[in-house]
Amino acid sequence: MGKGNFTEDFKRDAVRQITERGYPVAEVSQRLGVSQHSLYEWKKKFGTLNVKASDEAEEIRRLKRELARVTEERDILKKAAAYFARDAK
């Protein structure tokens, strides 16, 4: 395994395979042609960032779902109010 210059995206993807997908470091190392030492260094550098980023991404997804639900409820109530206001006249 020679010394290579890998992009930040490549390194993050390699770390994701270990942290999120659960692949062993040895397997990822062999598949990607990267030393295990490099993977452990990348994991130190990017591993904690990925956990925080994935937590934030999950929170954003949850909030978007909640916003969609609340927006739908609001629209239904607006239509119902307009319907009953029309009948009251």
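As the structure is a computational prediction, the values presented were derived from the model and not from experiment.
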Stepwise side-chain contact (heavy atoms from CB on, under 4.5 Å) test for L63 and E66: CA-CA 5 Å; L63 290 171; E66 184 177 346; 4.2 Å; yes
Gap separating the NE2 atom of H37 from the CH2 atom of W42, nearest 0.5 angstrom: 11.0 Å
Atom pair CZ/NZ of R74 and K79 - distance to nearest 0.5 Å: 10.5 Å
Which atom of K43 lies closest to which atom of T19, heavy atoms considered: CE-CG2, 4.0 Å
Closest heavy-atom pair and its distance - S29, S35: OG-C, 3.7 Å
Ionic contact status for R61 with E58, cut-off 4.0 Å: yes
Gap separating the OH atom of Y23 from the CG atom of L32, nearest 0.5 angstrom: 11.0 Å
Separation between CZ of F46 and CG of D13, rounded to the nearest 0.5 Å: 10.5 Å
Approximate separation, where rounding is to 0.5 Å, of R62 CZ and L67 CG: 11.5 Å
Flag side-chain contact, heavy atom, 4.5 Å: E72 against I76: yes
Within-4.5 Å side-chain heavy-atom neighbours: V34 and F10: yes
E8 side chain reached by K45 side chain, heavy atoms, under 4.5 Å: yes
CD-CG distance between E41 and L39, expressed to the nearest 0.5 angstrom: 10.5 Å
